[in-house]
Amino acid sequence: MKHILEIPALILDSAGSLPHASDVVSLFNIESELEMAGQQLGVLNALDVAKTQWYHFTAIVIAGMGFFTDAYDLFCISLVTKLLGRIYYTDIKDPKPGVLPPNVQAAVTGVALCGTLAGQLFFGWLGDKMGRKRVYGLTLMLMVVCSIASGLSFGSSAKGVIATLCFFRFWLGFGIGGDYPLSATIMSEYANKKTRGAFIAAVFAMQGFGILAGGIVALIVSSSFDHHYKVPTYKENPQASLVLPAFDYVWRIILMFGAVPAALTYYWRMKMPETARYTALVAKNAKQAASDMSKVLQVDLEAEEEKVKEITESQGQKFGLFSKEFAKRHGLHLLGTTTTWFLLDIAFYSQNLFQKDIFSAIGWIPPSQNMNAIHEVYRIARAQTLIALCSTVPGYWFTVAFIDYMGRFAIQLMGFIFMTIFMFALAIPYDHWTKKENRIGFVVMYSLTFFFSNFGPNATTFVVPAEIFPARLRSTCHGISAAAGKAGAIVGAFGFLYASQSKDPKKTDKGYPTGIGVKNSLIMLGVINFLGIIFTLLVPESKGKSLEELSGENEDEGAEAIEMQGSARTVPV
């Protein structure tokens with residue numbers, strides 16, 4: 001602590017007069033780093049100060065391809081549910097083509113989210129118990145096998161196909177769930193502290209490319225079949241508008257393609273060494289940590305076995321997840337990360353999974369009876385691809401570009417504020433937007449909500465939980481936060497499936513009860529985004545600090561108390 005007493009002298013010696021406020025802050029930061037260096041393991045300090053190198057980009061690609069696959073698999077189902085309804089539930093005597101019954105639609109749409117929630121909790125816990133790398137390949141293999149099995153869904157009857165589809169999509173979601181805490185934790189523990197936010201956000205940004213790829217694959221497949229068969233619309237000839245079994249291959253091909261990017265990165269995942277933070281701080285193997293990171297960083301690192309023992313056996317580092325000490329140190333942080341992710345995903349997934357219904361409601365996609373089965377897939381995919389290209393993907397990469405300059409807190413708060421504004425701007429004058437001449441304006445406004453979701457809380461809720469918790473609980477806490485998000489996604493997916501139905505019984509989809517309508521659904525989403533603003537105040541700023549500084553893992557008891565007061569600040573100084 002002696003360096004702290006010398007700060008006034010340092011200030012006067014270096015400036016000769018009263019310094020600017022920013023200089024004082026800078027000196028305090030330098031002092032903090034000096035204090036940390038005395039306790040920080042050399043191998044971890046080397047990672048914190050390492051210049052951006054090739055291994056950083058390799059880690060981003062390896063972890064990011066998992067998220068590319070995650071997004072593809074989760075969102076491609078919304079492209080084919082209309083087709084499934086036509087194939088298995090059409091009665092050609094009806095004036096409208098068949099749709100999935102409400103309970104079937106809810107199951108097909110939501111079962112992967114339920115699997116994801118379970119996977120996030122299980123693999124998050126397992127990642128802290130067995131190590132990040134040991135379970136990393138398992139999640140990827142589960143995704144590959146279940147993507148293929150989803151497309152092969154057995155049987156020709158509606159019940160047989162839907163039952164096997166739901167079974168395999170649950171386990172697909174289970175594998176996807178494991179990718180969230182493991183990828184985030186691995187990237188945060190590999191990154192240097194200056195660009196850590198951008199690296200973690202870049203992994204998550206691959207989700208945008210996954211959504212875009214889903215739309216592009218569906219466009220290519222549906223367009224090929226549409227041009228080959230050239231069938232009439234349902235209104236013109238109900239029976240001829242659906243060519244079986246040919247059109248049954250379309251949704252299967254789209255779902256099975258998700259296995260390709262996951263399979264391509266399996267080998268490289270298995271080649272990655274375990275993170276030094278897990279090896280040293282959790283497994284307590286200083287020699288292995290130094291050896292692994294010496295190869296990665298291409299420098300000689302000393303195995304500090306005594307220091308590892310001292311850090312890991314200190315009383316302040318033995319508290320568990322359900323202890324009073326954890327509640328005192330990180331309880332509000334965990335509440336902040338779980339609630340904001342929960343609220344964000346209600347809005348994000350209800351928009352993403354059911355954007356086809358919103359586009360239909362404003363007339364951007366024609367009524368289903370005015371299209372044949374395969375052309376409907378094409379029109380839905382085109383709408384999703386356009387939204388992903390113009391708002392979803394750019395939003396993610398704006399976060400990557402600015403997160404280490406603006407900070408996590410500012411970006412998350414800004415995102416929730418703009419999402420709230422745009423939701424209310426869409427909802428309150430909703431009748432105005434439904435007029436034909438205003439429909440493009442509606443799509444632009446709707447796209448902006450996606451942009452500020454991704455240049456906002458959809459990225460930061462993923463980044464922050466990977467930074468602010470201790471190494472031995474980091475994967476678990478990220479899994480809990482992510483699982484809270486998926487609980488929100490389930491609320492959004494199931495709840496808004498019914499809520500967005502028209503108040504007029506004649507305008508609801510077949511088999512659905514009347515709902516509150518799209519306008520009132522958008523108002524509800526606006527309120528949910530506003531609550532996100534409030535709970536963001538519980539989330540600490542983690543920009544520019546080492547992971548051990550944020551979690552207080554290598555400090556003595558006195559410094560620990562000071563540090564936790566600093567890290568609890570929600571607004572950066």
Side-chain angles (χ1 to χ4, degrees), residues 76-102 104-105 108-109 153 156-159 161-162 165 214-255 353-387 434-440 442-443 497 500-502 504-512 514 518:
C76 70
I77 194 67
S78 66
L79 299 168
V80 300
T81 50
K82 294 275 191 182
L83 180 60
L84 287 168
R86 284 194 186 236
I87 293 172
Y88 296 107
Y89 293 91
T90 291
D91 182 349
I92 59 173
K93 296 175 183 176
D94 287 346
K96 290 183 179 181
V99 295
L100 295 177
V104 175
Q105 172 78 34
V108 169
T109 304
S153 295
S156 56
S157 68
K159 283 186 178 179
V161 170
I162 298 300
L165 176 62
I216 292 171
V217 169
L219 277 173
I220 293 169
V221 175
S222 60
S223 181
S224 301
F225 276 78
D226 199 19
H227 279 83
H228 184 268
Y229 288 96
K230 297 179 181 177
V231 296
T233 66
Y234 185 88
K235 197 172 186 179
E236 292 169 342
N237 189 331
Q239 193 160 7
S241 71
L242 186 63
V243 180
L244 292 176
F247 285 7
D248 193 50
Y249 296 136
V250 171
W251 67 269
R252 296 177 185 273
I253 293 169
I254 293 170
L255 294 188
L353 290 169
F354 302 108
Q355 64 183 4
K356 63 185 187 302
D357 298 312
I358 291 174
F359 288 134
S360 297
I362 64 161
W364 217 51
I365 296 174
S368 57
Q369 62 268 30
N370 293 346
M371 297 178 283
N372 64 52
I374 214 69
H375 190 65
E376 185 173 34
V377 176
Y378 175 82
R379 294 295 287 262
I380 293 166
R382 190 177 69 173
Q384 177 167 308
T385 303
L386 185 64
I387 291 294
T434 56
K435 293 175 183 175
K436 191 172 182 180
E437 63 271 19
N438 299 324
R439 285 171 183 169
I440 297 300
F442 181 96
V443 174
L497 174 64
S500 60
Q501 294 295 321
S502 174
D504 184 350
K506 296 178 182 177
K507 295 181 179 179
T508 59
D509 289 336
K510 185 179 178 181
Y512 286 83
T514 55
V518 174

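Computed from heavy atoms alone, side chains included, the values below leave out hydrogens, waters and symmetry copies.
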### Message
Please give me the minimum heavy-atom distance between Leu242 and Ala373, naming the atom from each residue.
### Response
CD1-CB, 3.5 Å
### Message
For a quick test of reading the model, state the closest non-hydrogen atom pair linking Ser241 to Arg86 and the distance between them.
### Response
OG-NH1, 4.4 Å
Is any side-chain heavy atom of [X] less than 4.5 Å from a side-chain heavy atom of [Y]?
{"X": "Leu165", "Y": "Leu84", "result": "yes"}
{"X": "Leu83", "Y": "Glu376", "result": "no"}
{"X": "Phe247", "Y": "Val231", "result": "yes"}
{"X": "Thr81", "Y": "Gln105", "result": "yes"}
{"X": "Met371", "Y": "Lys82", "result": "no"}
{"X": "Val250", "Y": "Val80", "result": "no"}
{"X": "Leu255", "Y": "Cys76", "result": "yes"}

Atom [atom1] of [X] and atom [atom2] of [Y]: how far apart are they, to the nearest 0.5 Å?
{"X": "Gln384", "Y": "Leu219", "atom1": "CD", "atom2": "CG", "value": "9.5 Å"}
{"X": "Ile254", "Y": "Leu79", "atom1": "CD1", "atom2": "CG", "value": "6.5 Å"}
{"X": "His227", "Y": "Ser222", "atom1": "NE2", "atom2": "OG", "value": "10.0 Å"}

### With sequence neighbours excluded, residues passing side-chain hydrogen bond (donor to acceptor under 3.5 Å, both in side chains) with Asp248
Tyr88, Trp251, Arg252
### Task
Using atom types as modelled and distance alone, determine if a side-chain donor or acceptor of Asn372 lies under 3.5 Å from a backbone N or O of Ile374.
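Yes; at least one donor-acceptor contact below 3.5 Å.
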### Query
Do the two ring centres, one from Tyr378 and one from His375, sit under 6.0 Å apart?
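Yes, the ring of Tyr378 comes within the 6.0 Å limit of the ring of His375, centre to centre.
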### Task
Tell me, with the steps shown, if Val377 and Phe225 meet side chain to side chain contact (heavy atoms under 4.5 Å, CB included).
CA-CA 11 Å; Val377 176; Phe225 276 78; over 6 Å; no
